[in-house]
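Okay, so here's the structure we're looking at.
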Amino acid sequence: MLDKTYVPADVEAGRDAAWEAAGRYRAGGNGTPYCIMMPPPNVTGSLHMGHALTFTVQDTLTRFRRMQGRATLWQPGTDHAGIATQMVVERELAAAGESRQELGREAFTERVWQWKEESGRTIVTQLRRLGASPDWSRERFTMDDGLSEAVRRAFVTLHRQGLIYKDKRLVNWDCQFHTAISDLEVVSKEVKGHLWHIAYPIEGTGETIEVATTRPETMLGDTGVAVHPDDDRYRHLVGKHVLLPLVGRRIPIVADAYSDPEKGTGAVKITPAHDFNDFEVGRRNDLEAISILDADGRINDAAPETYRGLDRFVARDRVVADLEALGALVKVEPHTHMVPFGDRSNTPIEPFLTDQWFCDAVTLAKPAIEAVETGRTTFVPRSWESTYFEWMRNIQPWCISRQLWWGHRIPAWYGPDGAVFVATSTAEAESLAYAHYGRAEPLTQDADVLDTWFSSALWPFSTLDWPNESPELARFYPTDVLVTGFDIIFFWVARMMMMGLHFMGEVPFREIYIHGLVRDEAGQKMSKSKGNVVDPLELIDAYGADALRFTILASLSQGRDIKFGVSRVQGYRNFVTKLWNASRFCELNGCRLVPGHAPEAVNETLNRWIVADLAATTVLVTDALEAYRFNDAALALYRFVWDRFCDWYLELAKPLLDGEPTAAAETRATAAFVLDQVFRLLHPMMPFVTETLGEQLLDAQPNGLIAQPWPTPSDLAAPEAKAEIEWLIQLVSEVRAARAELRVPAGIKLPLHVAEADALTTARLARYDAALRRLARVSKVHLGGQPPVGGTLQVVVDAVTYVLPLAGEIDLDEERGRLTRERSKLEKDVARIEQKLGNAQFVAKAPAEVVDEQRERRAEGLATLQRLDAALARISV
RNA sequence: GGGCGCGUAGCUCAGCGGGAGAGCACUACGUUGACAUCGUAGGGGUCACUGGUUCGAUCCCAGUCGCGCCCACCA
């Protein structure tokens with residue numbers, strides 16, 4: 001027996017464990033493979049709304065395909081998340097008065113592993129509460145032995161192919177974390193600063209040349225001044241030298257097209273070691289690159305002594321003050337510009353000259369671009385392809401080394417003379433070194449680790465045991481769809497495309513479904529600092545995972561972010577309750593699945609109608625899920641269950657259920673059949689409640705709905721049943737509306753007179769006598785004879801007038817007003833149609849079916865108008 | 001500067017060439033065997049603006065205005 005009220009916690013508790021114990025999540029089966037790679041959440045993470053969204057979508061697809069009989073693998077795992085995790089553990093250490101440096105590298109990484117074992121499972125536990133059904137038995141972590149092996153193999157291979165190399169270049173340097181970061185990890189922020197104009201004295205002329213800068217402290221590293229070759233103002237100065245104030249260095253004035261005569265003074269100071277553009281100018285003009293900062297962002301020994309050891313921002317003030325004292329400061333203007341910040345440290349990033357490992361993304365991108373161009377991989381929605389192309393076609397070398405301790409150590413070893421041996425293991429490196437030196441030499445491994453995204457890029461095949469040729473790899477690669485947010489197209493999607501194509505020779509996924517972000521009700525990005533985060537676990541506690549999932553899916557329209565309001569979850573929780581109560585009603589009425597019951601062979605019009613409607617809904621839902629239109633799928637089911645099954649089918653079934661036994665039995669069987677199908681259709685979206693209802697109501701196999709076949713629509717179309725039930729619905733609705741508008745008290749039942757009923761109407765009125773009594777509050781149906789005149793309600797349905805006398809209790813003016821309003825509305829419609837049909841161009845050029853449809857509507861409208869006129873005339877008598 | 005997207009009912013959003021829709025909110029009423037986490041009925045919209053294409057435009061095209069996001073940035 002179902003409980004009187006739906007309590008999500010009761011329904012959801014223990015179900016995940018039961019499903020898993022029953023082996024329901026395991027990949028396998030004989031069907032066509034279907035694989036989704038779970039984007040591995042950070043081990044540091046806890047479930048937020050973005051996770052709830054993406055994992056709900058993935059789980060819905062997984063459950064849907066599993067029910068369709070596909071051999072389904074949803075591959076789960078977590079990411080070691082280099083900087084993020086190191087930060088968390090360092091923060092813990094700091095709280096305990098310790099530091100990473102004190103601990104030393106080995107003890108520190110040991111500590112991180114320990115932390116990972118203790119706290120790294122949070123997100124997995126939370127995923128289970130959401131109802132996620134990946135194959136947990138295959139769970140992976142990016143720093144597992146197998147995946148680490150894959151990383152080394154990939155690195156070594158790319159290195160041998162010349163696609164990974166070491167280079168001394170300017171990189172983005174994070175002064176807080178002491179590491180290089182990639183371009184993608186840099187975010188630009190608008191900062192209010194100044195533009196300082198400085199006069200540099202020109203050697204031997206007594207003249208000065210004025211430059212402008214937003215970063216005066218970098219002048220300590222200036223090694224040139226550039227002017228445009230065509231700039232007449234400065235042409236005579238090219239080749240001369242300036243004496244750098246405060247430093248005294250003699251640096252050349254060079255001609256370089258980089259300098260823009262329109263900007264600033266037209267002359268620009270060149271600091272190759274501290275600016276990406278200047279670095280290129282320096283290269284072209286053979287200027288020295290003098291780095292004046294250390295890894296902390298403090299002035300180093302290359303600068304004059306007075307500035308050494310000063311933080312770069314302190315040094316800035318000092319330099320400005322000193323220039324002013326010298327009289328070299330021409331002017332200062334307020335200036336707003338974009339400054340690069342580290343996305344994790346949130347501190348200003350310095351261009352910094354260091355040795356780093358780079359990956360030749362330019363080469364790797366080519367096949368990845370081509371794969372999308374030729375449609376081997378497609379984006380959904382399609383519009384993201386241009387974003388992908390834009391970035392891939394302008395891709396820069398990818399800096400993959402990080403000066404961190406937590407991550408995959410770079411598999412490169414150095415001999416005493418600095419010779420590099422790149423190998424998948426120490427032993428291999430040693431043997432390479434032996435071959436090189438002709439004897440054993442002590443080697444030291446590169447101290448750096450790899451960018452977290454390097455291992456993530458391998459995820460679609462490293463989790464399937466690559467480089468081993470496992471059966472899973474052969475079976476599930478390429479995967480079917482990648483589900484993710486647009487924010488990591490560059491970080492992750494693009495890189496998986498590159499690595500997948502390079503190592504597997506095939507795209508990692510055939511489709512990429514890009515969903516929007518979850519924002520708060522005001523459309524703001526959710527963030528802890530804004531205090532507007534909604535915790536999905538709190539929502540699950542309050543409304544259930546089913547309601548949360550359904551809300552997400554129903555709100556998900558392609559190409560749009562979700563503005564998330566709690567009231568919507570409430571609304572869909574109510575929907576779950578509705579389903580619960582409808583099921584309860586069926587249970588109370590003994591609705592059971594009947595073996596051998598053929599739904600398409602039912603006789604009762606009502607049953608034929610609901611079976612046909614269910615079939616149409618099944619098609620809608622299936623198509624929508626296949627096309628990633630989750631909102632359409634959710635809405636179709638919502639409407640079917642609430643508007644049609646509950647509001648009409650069950651109401652109209654009530655008289656049948658305690659009527660004639662054959663019809664009653666058929667109705668019970670049909671109701672059970674429909675519920676069973678609805679549970680299946682809803683299961684991918686709300687797995688918990690559907691499984692529970694199926695078990696309790698339909699004697700289903702325990703924990704078995706998840707493995708039931710997806711419904712195939714019956715081929716019953718039943719247009720006659722559709723027409724009849726729609727007629728009934730319209731009649732009941734019209735009578736209800738008329739009664740409500742004239743404020744007929746609900747308790748009063750009215751007789752219904754039909755003077756000129758045709759045979760069809762007569763039969764229908766007899767068939768639905770009980771329904772009309774219940775739903776339209778009709779006391780008795782009178783056929784034929786003169787309809788009563790005077791105080792009556794009158795409604796017109798399908799050109800038949802129904803008269804409901806209300807002797808003495810009706811306000812004739814109100815009824816006249818009601819009918820008149822209805823008439824004028826209809827009249828306008830008809831007028832518009834007539835205008836259309838009167839247009840020769842329309843009749844000539846519009847498709848025939850459109851014209852016919854308009855003619856039909858005109859005929860119907862005119863007939864109803866006539867009836868309304870007659871009804872009005874009767875009132876006036 | 002380049003790219004993408006959005007302006008439809010009070011709010012959140014579907015629809016996207018031929019009758020303006022849903023949920024929530026709002027108003028009124030509560031007869032009915034599962035459901036007040038409910039039922040019944042109702043009000044509410046020059047579909048941002050201006051042109052164009054078309055027999056016909058909320059829908060297609062161009063432009064204008066407003067808003068959002070991404071990428072690259074000039075000292």
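Side-chain atoms are counted along with the backbone in the values below, which use heavy atoms only and exclude waters and symmetry mates. Every chain is numbered from 1 and lettered A, B, ... according to where its sequence line falls, protein lines coming before strand lines.
- Checking the phosphate oxygens (OP1, OP2) of B/C55, a side-chain nitrogen or oxygen of A/Lys845 falls inside 4.0 Å.
- The C1' atoms of B/G3 and B/G56 are separated by 35 Å, rounded to the nearest whole Å.
- Close to B/A34, at under 4.0 Å from its OP1 or OP2, lies no side-chain N or O of A/Asn589.
- The CZ-C1' distance, from A/Arg818 to B/G42, rounds to 13 Å in whole Å.
- For residues 564-578 of chain A, proximity to RNA chain B is found at A/Arg568, A/Arg573, A/Asn574, A/Thr577, A/Lys578, defined as any non-hydrogen atom under 4.0 angstrom from a strand atom.
- Nucleic acid contact class of A/Cys586 (heavy atoms, under 4.0 Å, all strands): none.
- The same atom, P, is picked in B/A9 and in B/A20; the two are 16 Å apart, to the nearest Å.
- Each of A/Phe490 and A/Trp642 was matched to the nucleotide of RNA chain B holding its nearest heavy atom; the match closer to the 5' end belongs to A/Trp642.
- You'll find the ring centres of A/Tyr6 and A/Trp580 inside the 6.0 Å limit.
- For A/Phe379 and A/Phe389, the ring centers sit 6.0 Å or farther from each other.
- If you check every strand for non-hydrogen atoms under 4.0 Å, A/Asp658 touches a base.
- Distance A/Asp632 CG to B/G21 P: 18 Å, rounded to the nearest Å.
- Heavy atoms of A/His197 sit nowhere under 4.0 angstrom from any nucleic acid atom.
- For A/Ser383, whose side chain is taken as the heavy atoms from C-beta onward, the closest listed nucleotide among B/C55, B/C4, B/U12 is B/C4.
- Counting non-hydrogen atoms under 4.0 angstrom, A/Gln854 reaches the backbone sugars and phosphates but no base.
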- For RNA chain B, what dot-bracket results from Watson-Crick or G-U pairs at under 3.5 Å, with [ ] for crossers and | for inter-strand partners? ((((((((.[[[[.)..(..]]]].(((((.......))))).....[[[[[..)....]]]]])))))))....
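- Counting any heavy atom pair closer than 4.0 Å across all strands shown, A/Arg560 reaches sugar-phosphate atoms only and no base atom.
- Between the side chain of A/Glu651 and the base of B/A34, a donor-acceptor pair under 3.5 Å is found.
- At least one side-chain heavy atom of A/Arg777 sits under 4.5 Å from a side-chain heavy atom of A/Arg739.
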- Message: side-chain contact (heavy atoms from CB on, under 4.5 Å) for A/Arg312 and A/Glu350? Distances and angles first, verdict last.
- Response: CA-CA 10 Å; A/Arg312 57 205 192 278; A/Glu350 289 297 333; 2.5 Å; yes
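- Among the protein residues, A/Arg774 comes within range of the nucleic acid bases, having at least one heavy atom under 4.0 Å from a base atom.
- Counting non-hydrogen atoms under 4.0 angstrom, A/Lys4 reaches the backbone sugars and phosphates but no base.
- Side-chain contact check for A/Val254 versus A/Val225: every heavy-atom pair is 4.5 Å or farther apart.
- For A/Asn631, counting side-chain heavy atoms from C-beta on, the closest listed nucleotide (B/C70, B/A41, B/A14) is B/A14.
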